[in-house]
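Note that this is a predicted model, so its numbers are computed, not measured. Proteins come first, then strands; the chains are lettered A, B, ... in the order of their sequence lines, and each starts at number 1. Worth knowing before you read on, the calculation uses all heavy atoms, side chains too, and leaves out hydrogens, waters and symmetry mates.
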Amino acid sequence: MNVGDLQRTHSCGELRAAHVGRVATLMGWAHSIRDHGGILFIDLRDHAGLTQLVIDPERAPEAHATARQVRSEFVLAAVGEVAPRPQGTENPGLPTGQVELHVKRLDVLNEAVPPPFPIEDDLDAGENTRLQYRYLDLRRPRMQKVLRARHEICQVMRSYLSSQGFLEIETPMLSKSTPEGARDFLVPSRLNPGRFYALPQSPQLYKQLLMVAGMNRYFQIVRCFRDEDLRADRQPEFTQLDIELSFTTPDEICDLIEGLFARIFEEVLHTDLPRPIPRMAYAEAMSRFGTDAPDFRYGLEILVLDDLFRSTAFKIFAGALAKGGTIRGLLLPPGGKEWSRSELDRRAEWAKTFGASGLAWLRREGEGWSGPIAKFMSSQEGGELVRRTNAAPGSLLFLVADSRDVAAGVLGRLRRDLARELNLVPQGRFDFVWVTDFPMFEFSQEEKRWVAMHHPFTAPRWEDLDRMQSDPGSVRAQAYDLVLNGTEIGGGSIRNHRAAIQRRVFEALGIGPEEAERKFGFLLQALQFGAPPHGGIAFGLDRLVMLLTGLESIRDTIPFPKTQKGICLMTDAPSSVDERQLREAHVRLVGSDSD
RNA sequence: GGGGACGUAGUGCAGCCUGGUUCCAACACGCCGCCCUGUCAAGGCGGAGAUCGCGGGUUCAAAUCCCGUCGUCCCCGCCA
């Protein structure tokens, strides 16, 4: 059952007409078996492809006897002569379809119980089963292709960044829990009772310290951990391409990254990346697209209609404006679909789940507009609205009157939903955009304080420094996100390299001097020893691979992902542990277990 | 923490709304056996395989209705 005296000479994807006449030894899995009673065919599969084995009872009786025992997914070694397929039996659907292997010797290297699902691309197995038998799922050519693409992307990242003077440097996985940001995964310390390490949410502080250390340019393809609820594009552990440079500017970082993506497109996707990647300020993205990650692949831009409804008779609109709110619209051209009244009502309910007080609508009809709120509009307003929106008859205009944030948010989601629902999103396109000029802080209603929009180590724009205490909301950050097809794939910033400014940022976040010292003393101290100006960026690798390979779930880009509850269906992690292990870790269970 | 969808042979699904001889649960693929010498989704004949996720309730009667619970997926909150 071992490889024994045999040596593999070719992969199963490799033999062509040029190999005819040669003796080849192939090893792989029995993909499909077609037993004609006499002659018997086996498609042998490995990482590279399929090759047809022909086992003839007259030419190779011993091999034939073995072959009759072979079942799906048996592991085989086949020795034979590469032969052209008889005229008319070539298979143009296979790269190896011009030839076949006339087997002289067949060894069973391992048997296999029947797999729970067939190892093939057009698979109908549910994700549960796939995750439980992930090693079989990963045998499928499609999954192998994704992991290969992921590898190639990483290879380009390493070689490109290397060529630009970056060093790949590792940072600790057992790290320190810090406030701000996501919930940490904690690791109890056996040697230090009552103390815990945290798994890194990102190597942020270490990479900044590497800049203080004079490493100049750093990168790492690194695992990060965040103990938050999961989504189709979020896993508790995920991989980042993490980058940091000294003596740099946002422009230099953008150029560097565009160069990287140009290489990835060239070498992995074999297409060109249009450059330069356009840039858009956060405020513009929010107002035109209702999100900080705009998708340019379709239209449906958000309309600002405040001035038009300045003296509206519609009390709800007038009230929103009086409170300093805004009235914004989204115009849906005719022809997409017929909207029933109940569907529109459902949409309004949907809008309320995002905090909107409602979702009004008008249908362009005849000379003006119809719909429940049309009666509040003067013919003058209606005419102006037609001019402003260029609405063709039959168009549907959704309207939200609310605070800027809520209105933009709801219409941004509506825009994305409608584009998807009405099939307005072109496939196979890659639209990148840099989003810049983020606000430094946003107010957290929950915590009743300002929190960092990017992270607390981001530098404010120098010209906004004076307003840090007086008007935090107006301070812009030296931060930038890279967005691909409406998904944030990476973000970064110039950091605070001077301790004094970093202290002021902490203060604006409500982190007093004492707490700052306790939680971030090591950083503040390091910044005092001649920290160079520096900045960087980080990319979500799993998400990037997902987008570049056209997948819909991050799980398909990760060999062994977890479910939405953070469970590994294959190993059943997380699991309970022995009482002894808990004692050693100085951990005692509370809650339902001790009740 | 909240909303929604789903859970039926190894796999994918039908049946559920309107409970009962189309339900001791159908179909397809897979599996097992036999036949078959050029297939590549091989073909033909036959066969095995299901505590209808789990627990409780309603009812003369539950895959079907109700309650609870577990699991998976999608979303909101959350994720600097």
**Q** Donor-acceptor pair, A:R59 side chain versus A:K104 backbone, under 3.5 Å?
**A**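 No, because the side chain of A:R59 does not come within donor-acceptor range (under 3.5 Å) of the backbone of A:K104.
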**Q** Checking A:H31 against A:R139: is there a side-chain donor and acceptor pair closer than 3.5 Å?
**A**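 No, A:H31 and A:R139 have no side-chain donor paired with an acceptor closer than 3.5 Å.
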**Q** Between A:R34 and A:S32, do the side chains contain a donor N or O and an acceptor N or O under 3.5 Å apart?
**A**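 The criterion, which ignores hydrogens and geometry beyond distance, is satisfied for A:R34 and A:S32.
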**Q** Are A:F238 and A:F225 close enough that their ring centers fall under 6.0 Å?
**A**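 No, they do not, as the ring centres are separated by 6.0 Å or more.
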**Q** I'd like to know if A:R226 reaches the base of B:C79 with its side chain such that a donor and an acceptor end up less than 3.5 angstrom apart.
**A**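 Answer is no: no donor-acceptor pair is held.
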**Q** Please tabulate, one pair per line, each protein N/O and nucleotide N/O from nucleotides 25-32 of chain B that are separated by under 3.5 Å, including the distance.
**A**
| unit_1 | atom_1 | unit_2 | atom_2 | d |
| --- | --- | --- | --- | --- |
| B:C32 | OP1 | A:R71 | NE | 2.9 |

**Q** Partner lookup for B:C31, please. Criteria are Watson-Crick or G-U wobble with both distances under 3.5 angstrom; report none if nothing qualifies.
**A**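 When the pairing criteria are applied, B:G47 turns out to be the nucleotide that pairs with B:C31.
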**Q** Hey, can you tell me if A:F354 and A:W350 have their rings parallel, tilted or perpendicular (30° and 60° cut-offs)?
**A**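 Correct class here is perpendicular.
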**Q** Determine the interatomic distance between P on B:U59 and the same-named atom on B:C45; round to the nearest Å.
**A**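 Rounded to whole Å, the distance is 50 Å.
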**Q** Is the backbone of A:P172 close enough, under 3.5 Å, to the side chain of A:S175 for a donor and an acceptor to pair up by distance?
**A**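 Side chain of A:S175 to backbone of A:P172: no pair is present.
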**Q** Between atom CZ in A:R68 and atom P in B:G33, what is the gap in whole Å?
**A**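 Checked: the CZ to P distance equals 10 Å.
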**Q** Who does B:U21 pair with, Watson-Crick or G-U, both distances under 3.5 Å?
**A**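 Per the H-bond distance test, none.
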**Q** Distance check needed: B:G4 P versus A:D417 CG, whole Å only.
**A**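 My rounded result for the distance is 18 Å.
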**Q** Does A:R134 reach the main-chain N or O of A:L569 with its side chain, forming a donor-acceptor pair under 3.5 Å?
**A**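 Checking the backbone N and O of A:L569 against the side chain of A:R134, no donor-acceptor pair under 3.5 Å is found.
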**Q** On RNA chain B, nearest-nucleotide positions of A:D229 versus A:G38: which is more 5'?
**A**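 It is A:G38 whose nearest nucleotide is closer to the 5' end.
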**Q** Just how far is it from atom CZ of A:R498 to atom CZ of A:R503, taken to the nearest 0.5 Å?
**A**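 Answer for the CZ-CZ pair, A:R498 versus A:R503, is 12.5 Å.
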**Q** Starting from the 5' end of RNA chain B, give me the residue, A:V451 or A:V54, whose nearest nucleotide shows up first.
**A**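 Between the two, 5'-proximity favours A:V54.
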**Q** Please determine, for B:A26, whether a Watson-Crick or G-U wobble partner exists with both distances under 3.5 Å, and give it or none.
**A**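 Result: none.
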**Q** Taking the same atom, C1', in B:U51 and in B:A63, what whole-Å distance lies between them?
**A**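 Pairwise C1' distance, B:U51 against B:A63, rounds to 12 Å.
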**Q** Does a donor on one side chain sit under 3.5 Å from an acceptor on the other, for A:D184 and A:Q201?
**A**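 Side-chain D/A pair, A:D184 to A:Q201: present.
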**Q** Whom does B:C79 pair with, Watson-Crick or G-U wobble, provided both distances fall under 3.5 Å?
**A**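 No nucleotide pairs with B:C79.
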**Q** Who is the Watson-Crick or G-U wobble partner of B:C6, with both distances under 3.5 Å?
**A**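 Across any shown strand, B:C6 pairs with B:G71.
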**Q** Less than 3.5 Å apart, any donor N or O on the side chain of A:E62 or A:H64 sitting next to an acceptor on the other?
**A**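 The criterion, which ignores hydrogens and geometry beyond distance, is not satisfied for A:H64 and A:E62.
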**Q** Taking atom types as modelled and ignoring hydrogens, do the side chains of A:S553 and A:D556 form a donor-acceptor contact shorter than 3.5 angstrom?
**A**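 No pair is found: no donor N or O on one side chain lies under 3.5 Å from an acceptor on the other.
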**Q** Please give the distance between the P atoms of B:A28 and B:G46 as a whole number of Å.
**A**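 About 13 Å, rounded to a whole number of Å.
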**Q** Can you build the contact string for nucleotides 39-46 of chain B? Use B for base contact, S for sugar-phosphate-only contact, and - for no protein heavy atom under 4.0 Å.
**A** BB-B----
**Q** Mind checking A:T458 for me? I need base, sugar-phosphate or nothing, with any heavy atom below 4.0 Å counting as a touch.
**A**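 Nothing: the residue A:T458, judged by heavy atoms under 4.0 Å, touches no strand.
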**Q** Starting at atom CG of A:D122, determine the distance to atom C1' of B:U11, rounded to an integer number of angstrom.
**A**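 To the nearest whole Å, that distance equals 14 Å.
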**Q** Taking the C1' atom of each, how far is B:A62 from B:U18, in whole Å?
**A**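 14 Å, rounded to whole Å.
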**Q** Roughly how far apart, to the nearest Å, are B:C75 and B:G10 at atom C1'?
**A**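 About 32 Å, rounded to a whole number of Å.
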**Q** How does protein reach along nucleotides 70-75 of chain B, written 5' to 3' as B (base within reach of a heavy atom under 4.0 Å), S (only sugar-phosphate), or - (no contact)?
**A** -SSBBS
**Q** Expressed in whole Å, how much space separates the C1' atoms belonging to B:C24 and B:C52?
**A**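 One C1' to the other, the span is 13 Å.
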**Q** Tell me which nucleotide, if any, is Watson-Crick or G-U wobble paired with B:C65 when both distances must be under 3.5 Å.
**A**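 Its partner is B:G57.
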**Q** Starting from C1' on B:C78, measure out to CD on A:E442 and report it in whole angstrom.
**A**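 Result: 12 Å.
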**Q** Side chain of A:D46, backbone of A:G28: donor and acceptor closer than 3.5 Å?
**A**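 No; zero donor-acceptor contacts below 3.5 Å.
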**Q** Starting from P on B:G10, measure out to CG on A:L136 and report it in whole angstrom.
**A**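 In whole Å, B:G10 P lies 16 Å from A:L136 CG.
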**Q** Within the distance-only criterion (no hydrogens, no angle test), does the side chain of A:T549 pair as donor or acceptor with the backbone N or O of A:V545 below 3.5 angstrom?
**A**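 A pair under 3.5 Å: yes.
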**Q** Pick the C1' atom in B:A25 and in B:G38, then give their distance to the nearest Å.
**A**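 Going atom to atom, C1' in each nucleotide, I get 41 Å.
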**Q** Sticking with atom P, work out how far B:G2 lies from B:U69, rounded to a whole angstrom.
**A**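 Going atom to atom, P in each nucleotide, I get 10 Å.
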